[in-house]
Amino acid sequence: MNSLSPAHLLELISGSYQGPIAYINNNYRYLFVNRYFENWYLKNSEDIAGRLVVDVIGEKRFLEIRSYMERALSGEKVKFITLSYNKNGEQIYFEQIFHPDFSDDGSVLGFIAMAYNISEQVEAKNFALESELRFRSLTEVMPQLVWEADENFQIVWCNQNWTALTGTKIEDNLGNGWLNVIHPEDRLYTLQIWEEAVRLKSSGATEYRVRMTDGSYRWFITRGTPIKDNSGNIIRWIGTATDIQDQKNAKLIAEQERTKIYSLFMQAPFLIIVTKGPEHVIELENVEARKYFKGRELNGRKVREAMHEFKDQGLVQVMDLIYLTGKGVNLSSLPVQILRENCLFKEHYADIFLEPIKDEFGNTTGILCTAVDMTKQIHAMKKVEESEIAFRNYIESMPQMAFIANKNGEMIFFNKRWHNYTGLDFLKSKNWFKESIIHPDDQEMTTKRWDQSIRTGTPYEIELRIRQKNDQYRWYLSRSLPLKDLAGNVHQWVGTLTDIHDKKEIESNQGRLLQILENTSDFIGMADLFGGIYYINDAGKNMIGISEKKDITKIDIRNFIYDEDIKYFEEVIIPTILVEKKWTGDFRIKNIIKNSEIWVHCYVFTTHDERTGEINGFATVSRDLSEIKQRERKLQDALTARDQFLSMVSHELKTPLTSLKLQSQMTLRKLGVNKEISQEKQMSTALQTNHLTGRLNRLIDDMLDVSRIKTGKLKLEKEHNEFVSIIKETLDRMALLIDSKNLSFPQIDAEEEIYGVWDRFRLEQVMSNLISNAIKYGKGSKIDIKVRRVCDQVLMSISDSGMGIPKDDLNRIFDRFERTVHSSEISGLGLGLFISREIVESHGGEIWVESELNKGSTFFISLPLNL
Ligand code: ADP
């Protein structure tokens, strides 16, 4: 066969080829161009051959394609599109191909440049591009993410939504770049899905998590659809991605909710069983339900078989009825027997709710059974009831009247004692506060206090009078206590009414007794075992000198015992009381104000604890002995005085009587021996006898006078008298005595005669006393008598300068038998001044003395004239 030369071959091809062809060597010179090329560049092909490319196509164009040429000369097959203008100035698109020409040694000699007019194709493509741009701009406003991939599923474009959401640029997503924003865990299966879609040439969809600009992931669903050409080849993939995070969330929540409800359902603390169909096949049962039917298979079984014990208890029949009627049933506190694993029945009380389950057409398809085990509550209630009964029985058995009220204070129960006592039935008793069985005086307080207690929850205690059936009122102590539950809330009140009538009576008696105690003049006191006083009546307080208002509690009793008697108190009185439980006797307490002793006649006895009977202290009733003691002393004094008087009288009487006896014996003896008694002698004896009998007479007169004075029988016979003459007469009668004492006769210093109405005899008696005293105790001193009239009184004084009287005795000497000297020194009865005072005072006058021991005394008399 004839082989064609390469040049010829090139000639042939280039002639048939509808486009420019050229051969350019590695020096950028045209070695060959075809005719089309000539047409194109309006130059002869011969003119072109051998010329440099730059010279033929111009420098601008040369620079545009230079890089492609270099690549071809380096051995690469280069393909690119250029835009040119034809002779008519029309745009022509060329696809240019530079095909390198290798020498045998592999070096590039040049390249063949071919251009193909693709203007039509380009236009068609531009049109497509335009529609695509429109499509793309449309997709930009779509809320979805839109992407586009080539036939091999390499992304070529994505809309702004995608880039904005993922914080990427379009370029980042091209090819497989988009995988970078897909969650690592989702990449592999996503790719696999698309590979599968490409393989099957069908749409694909997948869910994956896309990383947002903030780094978080959101779930998207993406769907891709292939776009095919006429022959069914895929040319593009168009896809969208939609954010389904919210749906996912909602789904997740719904899922969680469902799980939660289910677990609630399963874990509910009561039984739940769902049955299906007329045979009640158990479809669902919760944990609690399983517990009650331990060891049995429930699910999928009929109730009548799985819970066969219910057949006889009517429960299955009830379920049948519900299924039939479509109406639910509530059974409360139903006793239910459940057969246990140990084959024994156990009784439960249950609140059972049976509800039909219906389909959308209202037909019953099953039953929802819920059951709450009330056994414990029922038992507790029974216990409460039992304890309530026990409580009422207890209240019934109480010795008092009693009632129970609710927390609002409304009466709910009274014991029989109440009804018996009041004669009221329960209805009337309910309002007993308002009934007239409460004494009118106690009614207001009772109601008020009760309301107060109910309001505040505080115990209630009051004394009130309640009327008996027989209309008699008796005193009662009404007490109410709130009963509280565990939480501390009052739920009931229990009240008792205790008869305190007798106690009240005693109390009022005690009140009277107390009055007596307070008003008696005796000392009444009580002390504890240690001597701590806790009661002293007012009289007692007065005695010991403390204020009636002073609180004496706990003051030691020893504070009020006379110091010298404390020892006696502790060593005699207390031990005696402790042994004999009482002591009676006299001892001294003291008045702490006056610091003086008080003799008391004391009765002390022990006091006892009312309950135990043990000695808890002692009490005393003591009487002030001061007066008695004083009287006793006076009596004693009187007795002593009487004895003294007797001894004085006997002494005084004995002296003259002895003398008289001696005288008469002597006379008798003389007469017996017939001896002559001279007249002189006889005279002297008679005088002496007269004197002695006179003295005896005076003594007896004095004594008579004293007894007259004592018995109030000293009568005065008052007459008109002249005072000075009375003194004179007295002195005259005493002249012998004065004389016998060798005294100078007393002088009367009187300025005038003084008249008055007096008992002359008695005044003589007074003066005789005073003068004879002045003689007796004047030690022979001169006696001065002075008389003066002062106004309507007469004043007389008799002075001596004798032994005088001690100061302390100045008053005493005017009392009976009072003397400052002893009878053995100077005889006397100590009655003269006593009688004188009585006489003077009987005249309405006064008698007194001024005296100084060993210097003398002056006795004064003042007498009203009584004219
Ligand atoms: P009598 O003289 O019998 O003792 P009176 O009643 O006359 O009884 O006197 C009572 C006492 O008064 C006397 O015992 C004496 O101690 C005292 N007395 C009376 N007069 C005087 C006097 N003039 N001087 C001193 N003592 C006197």
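Ligands are counted one by one from 1 in listed order, and the atoms in each one are counted from 1 as well. Bear in mind the structure is a predicted one, so any value in this text is a computation, not a measurement.
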What atoms of ligand 1 come closer than 4.0 angstrom to any heavy atom of Leu831? 6 (O), 8 (O)
Specify the protein heavy atom at minimum distance from atom 23 (N) of ligand 1: its residue, its atom name, and the distance to 0.1 Å. Asp800 OD2, 2.8 Å
Can you tell whether the side chains of Arg708 and Asp705 come within less than 4.0 Å, N to carboxylate O? yes
Has the side chain of Glu722 got a donor or acceptor atom that lies under 3.5 Å from a matching backbone atom of Val724? yes
Just to confirm my output: which protein heavy-atom neighbour is closest to atom 20 (N) of ligand 1, and how far is it? Asn773 CB, 3.1 Å
Taking distance alone, with no angle check, do Gly832 and ligand 1 share an N/O pair under 3.5 Å? yes
Can a donor-acceptor pair be found, under 3.5 Å and without considering hydrogens, that links the side chain of Ser684 to the backbone of Glu680? no
Looking at every heavy atom in both Phe560 and Ile555, which two are closest together, and how far apart are they? CE1-CG2, 3.7 Å
Indicate whether any N or O donor in one side chain lies under 3.5 Å from an N or O acceptor in the other, for Arg623 and Thr520. no
the protein heavy atom lying closest to atom 25 (C) of ligand 1 turns out to be Tyr777 CB, 3.2 Å
What protein heavy atom lies closest to atom 16 (O) of ligand 1? Include the residue and the distance to one decimal. Thr820 OG1, 2.7 Å
Using atom types as modelled and distance alone, determine if a side-chain donor or acceptor of Trp599 lies under 3.5 Å from a backbone N or O of Ile589. no
Applying a strict 4.0 Å limit to heavy atoms, is Phe814 in contact with ligand 1? no
Do Lys776 side-chain atoms and Ser827 backbone N/O form a donor-acceptor pair below 3.5 Å? yes
Going by the atom numbers of ligand 1, which of them fall below 4.0 Å from some non-hydrogen atom of Ser857? 24 (N), 25 (C)
For His501, run the side chain to side chain contact (heavy atoms under 4.5 Å, CB included) check against Lys503, Glu505, Lys504 and tell me which one passes. Glu505
Interfacing atoms of ligand 1 (cut-off 4.0 Å, heavy-atom, Leu829): 3 (O)
If only atom types and distance count, is the side chain of Asn721 paired as donor or acceptor with the main-chain N or O of Trp758 below 3.5 Å? yes
Does Asp759 offer a backbone N or O that forms a donor-acceptor pair with the side chain of His843 under 3.5 Å? yes
Distance filter under 4.0 Å to Lys776 heavy atoms, resulting ligand 1 atoms: 1 (P), 2 (O), 3 (O)
What's the shortest distance from atom 4 (O) of ligand 1 to any protein heavy atom, and which residue and atom give it? Arg819 NE, 2.5 Å
So, does Gly830 sit close enough to ligand 1 that a heavy atom of it is under 4.0 Å from the ligand? yes
Give me the residue, atom name and distance of the protein heavy atom closest to atom 6 (O) of ligand 1. Leu833 N, 2.6 Å
What is the nearest protein non-hydrogen atom to atom 10 (C) of ligand 1, stated with its residue, atom name and distance? Glu818 O, 3.6 Å
Atoms of ligand 1, numbered as shown, that sit under 4.0 Å from any heavy atom of Ile813: 12 (O)
